[in-house]
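A short write-up of the structure that comes next.
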Protein chains: 2
Amino acid sequence: MKSIEEQSRILKAIAHPHRMEIILRLKGDGCNVSEIQNSMDLPQSTISNHLLILKNAGILSSRREGTTVCYKIEIEEIKQILDILAGM
Amino acid sequence: MKSIEEQSRILKAIAHPHRMEIILRLKGDGCNVSEIQNSMDLPQSTISNHLLILKNAGILSSRREGTTVCYKIEIEEIKQILDILAGM
DNA sequence: TCCATATATTTCAATAATTCGTTACTATCG
DNA sequence: CGATAGTAACGAATTATTGAAATATATGGA
């Protein structure tokens with residue numbers, strides 16, 4: 001069971017419009033960075049930065065697949081939280 | 001259905017250890033500010049500021065009861081989200 | 001009205017987050 | 001090996017958040 005500090009670090013990582021969009025995209029099939037970039041009108045470095053923040057928070061993992069990198073949601077509960085928010 | 005921006009504004013308001021503790025206290029019976037202050041070792045102005053942030057986000061409402069002020073959680077979903085986090 | 005208690009507001013310094021251009025790395029292909 | 005595509009890291013400018021002291025306001029009672 002995580003401490004309040006850990007819980008709030010996770011929440012803070014999600015609590016940003018761009019990062020929420022990124023997670024929503026990863027919830028479906030989308031996986032590599034280019035796809036995310038193409039669907040969001042932001043510079044590559046900005047997307048990469050947000051991905052790193054989510055990864056450092058333990059929310060995403062990444063693995064290289066040849067020349068691209070595939071990101072994936074590691075914490076199931078994150079999806080539940082986004083679902084609750086989406087239904088508000 | 002709220003926009004991503006609105007959703008992230010709500011999340012951002014919760015995503016702070018002090019504010020999460022405040023919400024946890026309000027989930028139970030606790031209600032007025034002094035009780036919260038006494039159970040958390042923080043200056044009054046700090047608590048008051050956090051309460052304001054939560055109120056501005058629409059998460060809490062307040063009503064005066066004589067000399068004290070009673071706060072209450074207005075968004076049920078917030079409790080669900082905290083429950084999910086607590087179970088992680 | 002004056003006081004004591006409860007809560008809110010203002011304000012400021014310190015710190016942290018955000019964005020994005022540029023540069024560096026990594027893997028594949030010819 | 002050199003070129004190219006995908007991604008990460010660096011660094012600087014801007015903006016947001018945090019915590020707390022000082023101050024203000026509200027309420028009820030003497």
Side-chain angles (χ1 to χ4, degrees), chain A residues 3-26 29-74, chain B residues 3-26 29-74:
Chain A
S3 70
I4 293 252
E5 279 73 20
E6 289 170 307
Q7 292 176 38
S8 78
R9 268 198 325 113
I10 291 174
L11 268 194
K12 198 188 275 191
I14 319 174
H16 186 287
H18 294 163
R19 293 197 288 271
M20 290 184 69
E21 283 212 32
I22 288 174
I23 296 174
L24 288 178
R25 269 151 178 91
L26 293 177
D29 50 342
C31 188
N32 72 41
V33 181
S34 316
E35 285 178 38
I36 297 171
Q37 259 176 250
N38 292 336
S39 61
M40 295 174 67
D41 192 25
L42 290 172
Q44 182 267 324
S45 59
T46 302
I47 303 266
S48 198
N49 191 25
H50 287 308
L51 286 168
L52 183 65
I53 288 169
L54 290 169
K55 194 177 168 184
N56 284 341
I59 294 168
L60 302 183
S61 66
S62 68
R63 77 169 183 291
R64 186 169 272 279
E65 289 188 340
T67 157
T68 74
V69 174
C70 172
Y71 279 85
K72 144 159 178 283
I73 299 175
E74 280 298 314
Chain B
S3 69
I4 294 251
E5 279 73 21
E6 290 170 307
Q7 293 176 37
S8 78
R9 269 198 324 115
I10 291 174
L11 268 194
K12 199 186 277 191
I14 318 174
H16 186 287
H18 294 164
R19 294 198 287 272
M20 288 184 70
E21 283 213 31
I22 289 175
I23 296 175
L24 288 179
R25 271 152 176 89
L26 293 177
D29 50 342
C31 187
N32 73 40
V33 181
S34 315
E35 286 179 36
I36 297 170
Q37 264 175 240
N38 292 335
S39 61
M40 295 175 67
D41 192 26
L42 290 173
Q44 182 266 327
S45 62
T46 301
I47 302 267
S48 200
N49 263 322
H50 286 308
L51 285 168
L52 182 65
I53 288 169
L54 290 169
K55 195 176 167 186
N56 283 342
I59 294 169
L60 302 183
S61 67
S62 69
R63 75 167 186 290
R64 186 168 273 279
E65 288 188 340
T67 155
T68 72
V69 174
C70 171
Y71 279 85
K72 146 162 178 284
I73 298 175
E74 279 299 312

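Just so we're on the same page: letters track the sequence lines, and every chain starts at 1.
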Contact residues, residues 54-62 of chain B to DNA chain D [heavy atom, < 4.0 Å]: none

Interatomic distance, [X] atom [atom1] to [Y] atom [atom2] [nearest 0.5 angstrom]:
| X | Y | atom1 | atom2 | value |
| --- | --- | --- | --- | --- |
| Ile53(A) | Ile22(A) | CD1 | CD1 | 9.0 Å |
| Asn32(A) | Ser62(A) | CG | OG | 12.0 Å |
| Ile36(A) | Ile23(A) | CD1 | CD1 | 10.0 Å |
| Leu60(B) | Leu51(B) | CG | CG | 6.5 Å |

Nt span of DNA chain C in reach of chain A heavy atoms at under 4.0 Å, 5' end first, is dT18(C) to dT28(C)

If you look only at pairs with a residue in residues 57-72 of chain B, which of them pass as a salt bridge (charged side-chain N to carboxylate O under 4.0 Å, His left out), with sequence neighbours excluded? Arg63(B)-Glu65(B), Lys72(B)-Glu74(B)

Rounded interatomic separation in angstrom, taking CD1 from Ile22(A) and P from dT7(D): 13 Å

Hey, does Ser34(B) reach any base, or is it just sugar-phosphate, or nothing, if we go heavy atoms under 4.0 Å? sugar-phosphate

Min side-chain heavy-atom separation Leu24(B)-Ile4(A) under 4.5 Å: yes

Aromatic plane relationship, His16(A) with His50(A) - under 30° parallel, 30 to 60° tilted, over 60° perpendicular: tilted

Listed by chain and number, what are the side chain to side chain donor-acceptor pair (under 3.5 Å) partners of Glu21(B), not counting sequence neighbours? Arg25(B)

Under the side chain to side chain donor-acceptor pair (under 3.5 Å) test, residues paired with Ser48(B) that sit two or more places apart: none

Between protein and nucleotides 16-28 of chain D, map the contacts as a letter string: B base, S sugar-phosphate only, - none, heavy atoms under 4.0 Å, written 5' to 3'. -SSSBBB---SSS

Does Leu11(A) form a side-chain contact (heavy atoms from CB on, under 4.5 Å) with Leu11(B)? I'd like the steps, not just the answer. CA-CA 7 Å; Leu11(A) 268 194; Leu11(B) 268 194; 3.7 Å; yes

